[in-house]
Amino acid sequence: MSGGESVPGLEEALAAGLTEAEYGEIRKRLGRTPNVNELAMLSAMWSEHCSYKSSKRILAGFPTEGPQVLQGPGENAGAVAIGRGLAAVFKVESHNHPTFIEPYQGAATGVGGILRDVFTMGARPVALMNALRFGPLDIPKNRALLSGAVAGIANYGNSMGIPTVGGEVAFETCHSLNPLVNAFALGVAPVDRIFLARADHPGDTVFCVGAKTGRDGIHGASMASAEFDEAAEAKLPTVQVGDPFLEKLLMEACLELMRGDALAGVQDMGAAGLTCSSAEMASRGGAGILMDLDRVPQRETGMAAWELLLSESQERMLLVVRVGREREVERVFERWDLDAAAVGRITGDGLLRVRHGGGEVGAVPCRLLTDEAPVYERPRAAPESFPEPEVRAGELGEPADWNRAVLRLVGSPGLASRRHIYEQYDHMVRSDTIARPGGDAGVVRIKGTPLGLAMTLDGNGRYSLRDPRRGGALAVSEACRNLAAVGATPVGATNCLNFGNPEKPEVMWQLAESVRGMTEALGAFGVPITGGNVSLYNETDGEGIFPTPVVGVVGVLDDVSTLVRQHFVEEGDLVFLLGPDADDALGASEYLKVFHGRTDGRPPAPGLDAELRLHAALRSLAAAGISRSAKDLSEGGLAQAAVESLFAPDGSCIGASLALGDSVPATTALFGEASARALVSVRPARADALAAVAERHRVPARRVGRVGGESLRIRVNGDEAVGLSLDRVADSFLHGLARAARA
Amino acid sequence: MARRRFAIPVFPGTNCEEDVLHALRAVAGQEAELVWHQERSLAGFDAAVIPGGFAHGDYLRAGALARFSPVMEPLAAMAESGRLVVGICNGFQILQEAGLLPGAMQRNRSLAYVCRDVWVRTEETGSPFTAALTPGETIRLPVGHAEGNFHLPDRDLERLEAAGQVIFRYSEPDGSLTEAANPNGSRHHIAGVRNRRGNVAALMPHPDRAWEPALGGTGGLRLFESLVRWSES
Amino acid sequence: MSSSFGAQVLVRLRPSIYDPQGEAIRRSLASAGVEGIESVRQGKLIELEVRADSAEEAEARVREIAARVLANPVLEDHVVEVGPDSVAS
Amino acid sequence: MSSSFGAQVLVRLRPSIYDPQGEAIRRSLASAGVEGIESVRQGKLIELEVRADSAEEAEARVREIAARVLANPVLEDHVVEVGPDSVAS
Ligand SMILES: Nc1ncnc2c1ncn2[C@@H]1O[C@H](COP(=O)(O)OP(=O)(O)O)[C@@H](O)[C@H]1O
Ligand SMILES: [Mg+2]
C-alpha cells in the first residue's frame with residue numbers, strides 16, 4: 001500500500017462511529033489494520049444508515065412477493081407491473097436530520113435524492129409526495145422549520161417539473177427537535193427497460209457523472225446514525241446544497257442514455273457517496289471496482305482520498321458503461337453540458353480498490369462493505385404502560401357547543417386543509433394530475449393509455465406510540481382505504497420507518513411491532529412491499545420521536561374515467577355511511593388531543609376483514625359509476641370527513657344535512673376514528689344500486705343524509721348538534737393551517 | 001384550413017414543453033415541434049410558443065439567463081417579422097428579459113410559489129391569446145409560479161394601458177378586480193400583455209394545463225382556439 | 001434624541017458551500033462567449049435603516065440581528081457596515 | 001500576461017419599488033421585539049473573479065455584463081466595484 005497514509009487505531013475507529021467489537025471484526029476479516037481511507041469507507045458502510053444493522057432482521061418479515069412485482073426491496077426503488085407493458089417505480093426515503101440542520105436545503109435534497117432513486121431505475125418520475133412531522137406551530141422555530149422545509153421541497157420538485165400530488169403533515173411536541181421529512185417519488189418505465197444497480201462484467205468502465213464533488217455532507221451517513229446533541233449544530237460542513245436545475249439535466253441525460261443499451265448498471269450517489277454506490281454495485285454483481293479518485297471531477301482543491309470517497313455532494317450518479325461504448329455516454333452528457341468522467345473499471349477480484357495521487361490508497365472487499373456488514377438482534381421490550389386503557393366518551397364529558405367543537409377541530413393544524421402547503425407545490429405540471437392534492441389519494445393518469453396511478457402516504461405516530469402493532473396495521477389500512485375511495489386497486493407499497501434509538505429495547509420493540517402490524521395488514525390486502533427506508537436515532541438530548549411508520553401505497557385505476565373524487569357534487573344526492581358501527585373509543589384520537597391535550601389511550605382496533613370488504617365495495621361502486629363522491633373516515637372521524645366533502649378543488653362548495661344513529665355517544669359518533677368506514681354520495685336513483693353492492697360485499701350501509709344547501713347540518717341521536725354555514729366552516733377548515741403557520 | 005407549424009423552444013430547465021406540445025397537436029390540431037435552445041434557425045415555423053418551467057434554473061432572475069441561448073436570435077427575428085411569438089409563465093418572463101415584452105416580474109407578494117386556479121378577465125381581443133374571446137369574458141385557469149408579480153414604472157404602465165396592451169387581468173369570476181383574486185400582487189392585476197403590434201403576447205396562467213374536465217377545467221381551450229384563429233388571420 | 005442610521009449587511013455563502021446560482025450564471029456567461037469569468041458567487045445585500053441613539057447602538061443592534069436573523073450560520077458568513085450618514089430627528 | 005481580479009456587483013431594487021422580501025424581514029424583526037428597524041431592503045451581492053490583462057479591462061467587462069444581465073433595469077439599479085486584490089499568473 002503506497003500513498004503514505006497514516007494508520008489509525010481504535011480511537012479513530014470509535015470516533016468514526018464503529019464499536020470496539022466492530023473494529024476488531026474489521027481487523028480480523030481484513031487480516032490487518034485498515035488505513036484511514038479504508039476505515040472511512042468501512043465506518044460509513046457499517047453505519048446504521050447504510051447497513052441497516054438493527055433493522056435488517058425485522059424487515060425480512062415483510063411480504064415482498066406478488067405476480068406484479070418486478071423488483072422488490074434491495075434496489076434503488078421497487079417496481080411493479082401496472083398493465084400495458086408499463087411499470088410503476090417508486091420509493092419513500094427520509095431526510096430528517098438534514099432538515100433539522102437546514103430545513104430548506106435538507107428537505108430539498110431529500111426530494112432530489114428520492115428522484116434519483118427513481119430515474120436510476122430507468123423510470124421517468126411522474127409524481128411526488130411527502131410526509132412531514134413538525135413540532136407545534138405556536139413555537140416560532142417550528143414555524144420556520146415548516147416553512148423552510150416546504151419551500152425547499154417546493155423549489156426542488158417544481159423546478160424538476162414533477163407534480164407533488166399528495167402527502168401528509170402532523171404536529172407533535174416530540175418533533176420540535178426531531179422533525180421528519182419523508183419524500184416519495186413515483187416513476188413510470190416500460191417493464192422491459194428497468195435498469196439495475198449492478199456491475200458484473202469485468203472490463204466495463206465506471207463513470208462519475210453530474211455535479212462535481214466537493215466536501216459537502218461528509219460523514220452524513222454516520223451522522224444520520226447518531227443521536228443529536230448540542231454539538232451537532234456545530235458540525236457545519238455537513239450541509240448539502242441542492243441544485244434542481246442540474247438534477248433536471250442529469251435526469252434528462254440519464255433517461256436519454258437509457259433508451260439505448262450502453263449502460264450495464266447505474267446507481268445514484270446518496271449516503272456515503274462514491275463508496276456506497278461503487279461497493280453496492282460491485283457486490284450485487286459479484287465483481288470488484290478499481291477507482292482512480294484523481295479523475296473524479298472536483299469542485300474544491302486538495303481533497304483527501306477519504307473525503308472524495310465519502311462526499312455526499314448532490315446530483316451525482318455512478319454509471320457502469322459497457323466497454324467500448326464510452327464515447328456514446330460522453331456525447332450525451334456533453335449535449336446536456338454535464339461532467340462525465342471515466343473514473344474506474346469493473347474488475348473480477350471482488351475488491352474496491354482506490355487510487356489517489358498516483359498510488360493505491362485502499363483496498364477492501366466489496367462484500368465486507370455491504371452484505372458482510374454486521375447485523376444485530378437487539379433486545380426488545382414492551383413498555384410497562386402497554387397495553388393502554390380504552391378512552392370512552394363518557395369519561396370525557398361533552399363539549400358545551402358542538403358547532404364550536406367542530407370548527408375548532410377542523411381548523412386545528414392537525415386536521416385543517418393542507419392547501420397552505422400544497423399550493424406551494426406545482427401539482428399540475430405534466431397535465432396528467434386528475435386528482436389534485438387535498439383528496440384521499442393523488443392520481444396521475446398516463447397519457448396514451450386509460451391507466452391512472454393513485455398514491456397516498458399515511459402513518460399516525462400517536463397510534464403507533466400507544467400500540468405500534470395497531471398503528472402499523474392502521475397505516476396500511478388507511479392507505480389502502482384511500483386508494484379504494486378513488487376507485488384504485490393497490491399494487492405495491494413502500495415504507496419509511498422513523499424511530500428513535502434502536503439501542504433502547506423499547507424502541508426495538510416498537511419497530512418490530514410496527515412491522516408486524518404492517519405485515520398483517522399488507523398480507524390481508526395482498527399488497528407487497530417493494531422497498532423503503534429506515535431512519536433510526538431520531539432523538540435529541542435523549543428525547544425520541546413517536547414511532548412513525550409512514551406507508552406509501554400505489555394503486556392502479558384501469559380506466560381513469562371511473563375516478564371518484566371526494567367532494568359532494570349535486571344538490572339532492574344521498575349520503576351513505578359504509579362500514580361497521582363505530583366503537584365508543586377515542587384513544588389516541590385528534591379529538592382527545594385537541595380538546596384534552598392528551599395523546600394516550602388505545603388506538604382503534606384495525607378490522608382487517610371489514611376493511612378488505614369495504615375496499616372491494618368502494619372499488620365496485622366506482623367501477624360501476626354508482627358513487628359520485630367517496631371519502632374515507634380517519635383522523636377527526638365523521639365530522640372531518642363530512643367537512644372535507646364540502647369543498648371542491650376548483651373553489652366551489654356545497655352543503656349537506658346528515659343524521660347519525662344512536663349506537664354510540666355523540667362525541668364518538670362525530671369524532672371517533674374507528675376504521676373501515678367511508679362516506680359515499682350517490683344520485684337518488686342509484687341508492688338501490690349502492691345498497692346492492694354493499695350487500696354483495698357484506699358491508700353495512702346506512703343512509704345518513706343528503707347533499708345540498710348552504711350549510712353543514714348534523715343531527716346526532718335525534719338532536720340538532722351541528723348547524724354551520726359554509727362560510728364559517730370554510731374559514732376554519734380552509735384557512736386554519738395558514739393562520740397557524742404564519743402566526 | 002392550413003395547419004400552422006409551431007416551434008416550442010426548449011431551454012435547459014424548461015418543463016412544460018410536453019404539455020404545450022400536446023395541447024397544440026392533440027387539442028388544437030396544429031403542427032408543433034420541440035426546438036432545442038441551441039438551434040440558430042426557426043426556418044419553416046409560422047409561430048412559436050415558449051413554454052413554462054425554469055429555464056437555466058431561473059437562476060439570477062426568472063428568464064434572465066435564457067437570453068444567452070442561441071434560439072433567442074431567430075425568435076427575435078420572428079417577432080420582428082410580425083409572426084406569432086407567445087409565452088406562457090416562464091415564457092412570459094423570458095420574453096420580458098429579452099426585451100420583447102414590457103415589464104419585469106418580481107417575486108410573488110406572498111414570497112411563495114403559488115399553484116392554484118385563478119380567474120382572468122379578457123381585456124381586449126386583438127391578441128393571439130384573446131382573438132376568440134369576448135371583452136370582459138372571464139376564464140378559470142391554473143397558475144404555477146414564484147415570480148409573477150408584474151411590475152412596470154408608473155409612466156410606462158400608463159402607456160401600456162393607454163395602448164390597450166393588457167390582455168388579461170386577474171379577477172373574480174364575475175370580472176371584478178379584488179386583492180384576493182390577484183395571486184401574486186401584480187400591478188393593475190395584470191396577468192397577460194402583448195406588444196404594440198399585437199404579434200407577441202404572454203400570460204402567467206397555464207392554458208396548457210386546462211383543456212379537459214379531468215384536469216379540473218377547460219379554460220385553456222379558448223386560448224388555444226385564439227392562437228389558431230389569430231395565426232390564420 | 002435618536003437618529004436614523006443606514007446599515008449594510010453583506011451575506012455570502014461560506015466558501016466551502018456550493019453555489020448553484022453562481023455556477024449557472026458562470027456557465028451561461030461562458031456559453032454566451034463572455035470570456036475570463038472564472039467564478040461567480042451570489043450573495044445577499046441587506047440594507048437597513050435603524051433608529052438609535054448612537055452609531056454604536058445602531059451597529060450593535062444590526063450586528064445582533066445579522067447574526068441571528070439575516071444570515072444563516074450553517075450556510076453563510078456575513079459582514080456588517082454601519083454608514084456614517086445619519087439623519088437626526 | 002493576465003491576472004485574476006475580484007469584482008463585486010451590488011444590485012438593489014430601485015427605491016420606488018416595493019420590496020416584499022425586505023418588508024417580510026422587517027415585519028418579522030418587529031414581531032420578534034427588535035426595535036428601531038425602520039426599513040429593510042434586500043438586494044443581491046454578486047462576486048466575480050475575472051481574468052484580464054488589466055484592472056481596467058476587468059472592470060469594463062464586469063460593467064458590461066452587470067448592465068446586460070446581472071441587473072434588470074426595470075426593477076434594479078447596480079453598482080460595480082473591482083477590487084485591488086489581483087493574482088498574477
Ligand atoms: N422499511 C423498509 N422496507 C422495505 N425495504 C427497505 C426498507 N428500508 C430499506 N429497504 C430497502 O433496502 C435498500 C437500501 O435502502 P437505502 O439505503 O435507503 O437505499 P438507497 O441507497 O437507494 O438510498 C433499498 O432497496 C430499500 O428499498
Ligand atoms: Mg439509491
Side-chain angles (χ1 to χ4, degrees), chain B residues 9-15 17 35-42 50-77 87 89-91 93-100 104-109 111-113 145-147 149 151, chain C residues 4 6-51 61-81 83 85:
Chain B
V10 179
F11 301 86
T14 296
N15 64 31
E17 70 272 24
V35 178
W36 186 233
H37 77 124
Q38 298 284 11
E39 276 310 319
R40 293 180 184 278
S41 160
L42 289 172
I50 310 179
F54 292 72
H56 298 272
D58 272 359
Y59 290 141
L60 189 60
R61 291 182 310 275
L65 298 177
R67 80 167 56 168
F68 294 123
S69 289
V71 77
M72 290 309 288
E73 235 172 77
L75 207 65
C89 197
N90 196 219
Q93 297 157 337
I94 290 169
L95 288 170
Q96 286 180 319
E97 286 282 349
L100 294 173
M105 296 298 179
Q106 277 191 277
R107 283 185 71 178
N108 297 347
R109 276 287 163 106
L111 299 178
Y113 187 98
H145 60 252
E147 296 175 47
N149 181 352
H151 183 88
Chain C
S4 210
Q8 244 190 16
V9 183
L10 297 181
V11 180
R12 296 179 172 90
L13 278 180
R14 290 168 42 214
S16 62
I17 301 274
Y18 174 52
D19 176 12
Q21 298 226 47
E23 184 55 18
I25 298 171
R26 190 195 61 73
R27 290 208 312 201
S28 294
L29 289 172
S31 73
V34 179
E35 273 166 38
I37 308 296
E38 298 184 317
S39 98
V40 180
R41 308 269 295 170
Q42 181 167 332
K44 289 179 207 156
L45 160 69
I46 300 172
E47 297 182 296
L48 306 98
E49 267 170 50
V50 190
R51 175 153 297 277
R61 194 165 313 153
V62 173
R63 278 195 191 287
E64 205 228 312
I65 60 174
R68 233 182 61 211
V69 186
L70 303 180
N72 176 350
V74 177
L75 295 169
E76 297 164 331
D77 292 330
H78 68 276
V79 178
V80 173
E81 269 170 46
D85 51 315

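All heavy atoms count here, side chains included; hydrogens, waters and symmetry mates do not. Proteins come first, then strands; the chains are lettered A, B, ... in the order of their sequence lines, and each starts at number 1.
Between Leu60(B) and Gln21(C), the shortest heavy-atom contact is N-OE1, 3.0 Å.
Distance check: Tyr59(B) OH to Ile25(C) CD1 gives 10.0 Å after rounding to the nearest 0.5 Å.
Neither the backbone nor the side chain of Ser31(C) comes within contact range of chain B; no heavy atoms are under 4.5 Å apart.
In the displayed structure, Gln8(C) atom CD is contacted under 6.0 Å by more than 12 heavy atoms of other residues, nucleotides or ligands.
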